[in-house]
Amino acid sequence: KLGRPSELPPEPGPDYEADEDFLRRLHHVLLEVEVLEGALQCPDSGRRFPISRGVPNMLLSEDEA
Amino acid sequence: PPAAQEGAELAAVIGATVPTGFEQTAAEEVQEKLGSASRISRDRGKIYFEVPARSLPQVHRLRSVDNLFVVVQEFKDYKFKESKEDALKDLEDLVKKLPWTDPLKVWELNNSLKKKKTKRKKHNLQSPASREKLSDGGEEGGADQSATIDREDCAQNPVAVEPTGGQDTENPQGVASRNGVEEEEEDNEQLDANAEVQASCESGTKAGEGQTGGGAAVLRFRVTCNRAGDKHSFTSNEAARDFGGAVQEHFQWKADMTNFDVEVLLNIHNNEVVVGIALTEESLHRRNITHFGPTTLRSTLAYGMLRLCDPQPTDIIVDPMCGTGAIPIEGAAEWPYCYHIAGDNNPQAVKRAANNICSLLRKNESKDSSTALGVPLDVIQWDICNLPLRTGSVDIVVTDMPFGKRIGSKKKNWDLYPACLMEMGRICTPGTGRAVLLTQDKKCFAKALSRVGHIWRRAQTVWVNVGGLHAAVYLLRRTWERAEDRRPCW
């Protein structure tokens, strides 16, 4: 989803805890990559939440709350 | 090393001021990191422990400690003479009998550890608005220094503020302590802050004697006296003045209130007298925060709160009302094997928190240039009543709940608190989850808690002092009862 599809499999493999290479890449994406501008998308509703300067805005609108 | 000698190694009895209520927490940290047991003083907010002088760098890295001093001598049961003249004379005579040598060696050693401070202490007090424009310092302690230097200055001038009548004080405004003064300042408007500076200038403490130039080798000193108790015949100002006079006689040092090398501490709490030499110039507690908000929490208090929840590696720790991010930033620095999530609905707060995190990242970068280390910390703008977090997915919730007086209002808290507790209960893992919540609105909190008894149990309460206000930190445990999933949205 970050535009680097080749680096991470869509789901963790069966033995992911032992797969150090996978863990390194996962760690990198989780902790070392920062999305500065973009959006988070809810997988169920499709609702997009904008990210600006690294901070996602997840406030709901009046009707959504 | 200059202090090394055959036989006995130089040891120091260190006194540390800590947020009131968190003495035990601080003692645990000392035990854990220095291997020393602590004594908790009856003068609240202080602990004492002994360490070899070479451990000083580790002592400075303690996160639960505001200020440090080396003890010259402690008197557990000092017998004050009845008349003012006699009592003060006793204090004067005490000076030449005290074992200054080793503590002064410790003070010297401590100096060599401190980075050179190039900024001269200025007398003006900055307005809260201009504090926020301060650029973040890159070096360790640099950021704190630029942010706090003027605020600290005022705290050092008034020697003591005593309640009228000198009654034994539990009242934080009455208790004479530097910390007390500093904290009050955080809340002061510009006008009040200026008034404090003026008051301190008028108080007749041992003042500098107009020396300019002169011997470079001669040390400059001041005496700070804190006095609490209802049976003393003298004021802290008088004690500081006379004790200071004797110190000057004895050492031939020069007295200087603002530009001193040695700060001698004279702490008198009923019959407990402690003479010490300060090892910290400014309080350590601002260390992580370079961008202030109106109610930024001391990082020593944030540390104490986090310790209270006993974070375990891989715990997810959330601060859903993070403000400028004091708690999650302290958390990420000290518990890097947990994941910390900070959120607030206020865009200013979120921006400041993000900036503070950037400063932290930059600090890490300069120390470790080989890899760009990630920090296990994220900031999100969200609504405390509609958290975008899955039910039962969070191990620890830790936050500084809004106080009616400074942000929001007491009336708003009646509605906010129960809603917060419900939502925090939802995201928290049943059974093992816990929450540590700081609030000044204890009545409102108790009422809200009684409504959510099926989700939260009160485990421990710590009474604390925040900016001169009596507040409480509640440790809550999440019951085993599961919360219902509310919305399909998340």
Side-chain angles (χ1 to χ4, degrees), chain A, chain B residues 314 316 318 320-322 324-325 328 332 336-362 364-365 368 370-390 419 423 427 485-490:
Chain A
K1 291 280 167 67
L2 278 172
R4 298 189 201 187
S6 53
E7 282 190 14
L8 282 181
E11 288 213 8
D15 205 15
Y16 73 93
E17 282 169 14
D19 184 350
E20 183 156 333
D21 191 47
F22 167 75
L23 289 175
R24 272 188 206 284
R25 283 187 258 138
L26 186 61
H27 175 271
H28 177 68
V29 169
L30 283 178
L31 292 183
E32 290 168 358
V33 177
E34 171 103 29
V35 177
L36 290 175
E37 301 292 326
L40 288 172
Q41 185 167 40
C42 175
D44 291 330
S45 70
R47 184 352 180 155
R48 291 173 73 84
F49 296 90
I51 300 174
S52 147
R53 285 147 86 158
V55 179
N57 183 344
M58 306 193 84
L59 290 171
L60 299 177
S61 65
E62 286 284 310
D63 359 305
E64 283 172 317
Chain B
T314 77
I316 308 282
V318 173
M321 295 183 275
C322 68
T324 50
Y337 299 119
C338 298
Y339 202 89
H340 305 264
I341 304 177
D344 204 290
N345 63 350
N346 181 310
Q348 251 75 296
V350 158
K351 187 168 101 179
R352 287 195 195 114
N355 284 335
N356 283 325
I357 294 169
C358 278
S359 305
L360 184 66
L361 278 168
R362 250 175 276 142
N364 285 347
E365 248 175 65
D368 191 292
S370 54
T371 40
L373 284 175
V375 168
L377 172 55
D378 266 319
V379 186
I380 303 176
Q381 187 175 3
W382 65 31
D383 172 6
I384 174 73
C385 300
N386 286 288
L387 294 172
L389 295 166
R390 286 204 207 114
E423 187 69 346
I427 61 170
D485 284 313
R486 272 203 286 147
R487 286 162 256 99
C489 191
W490 301 121

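Source: prediction; values computed, not measured. Each chain gets a letter, A, B and so on, in the order its sequence line appears, and its residues count up from 1.
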* Measuring from A/Arg47:CZ to A/Ser61:OG, what's the distance to the nearest 0.5 Å? -> 6.0 Å
* **Polar side-chain atom of B/Glu423 near backbone of B/Leu387 as donor-acceptor pair, under 3.5 Å** => yes
* Structure fact -> Residues of residues 338-351 of chain B with a heavy atom under 4.5 Å from any heavy atom of chain A, in residue-number order, are B/Tyr339, B/Asn345, B/Val350, B/Lys351
* State which residues pass side chain to side chain contact (heavy atoms under 4.5 Å, CB included) with B/Ile357; sequence neighbours excluded, sorted by chain then number. => B/Ile329, B/Leu361, B/Leu377, B/Val379
* Asked: Any side-chain heavy-atom pair from A/Glu37 and A/Ser52 closer than 4.5 angstrom?
  -> yes
* Measure the CE-CG distance between A/Met58 and B/Leu389 for me, rounded to the nearest 0.5 Å. => 8.5 Å
* Asked: Going from CZ on B/Arg390 to CD1 on B/Ile427, what distance comes out if it is rounded to the nearest 0.5 angstrom?
  -> 13.0 Å
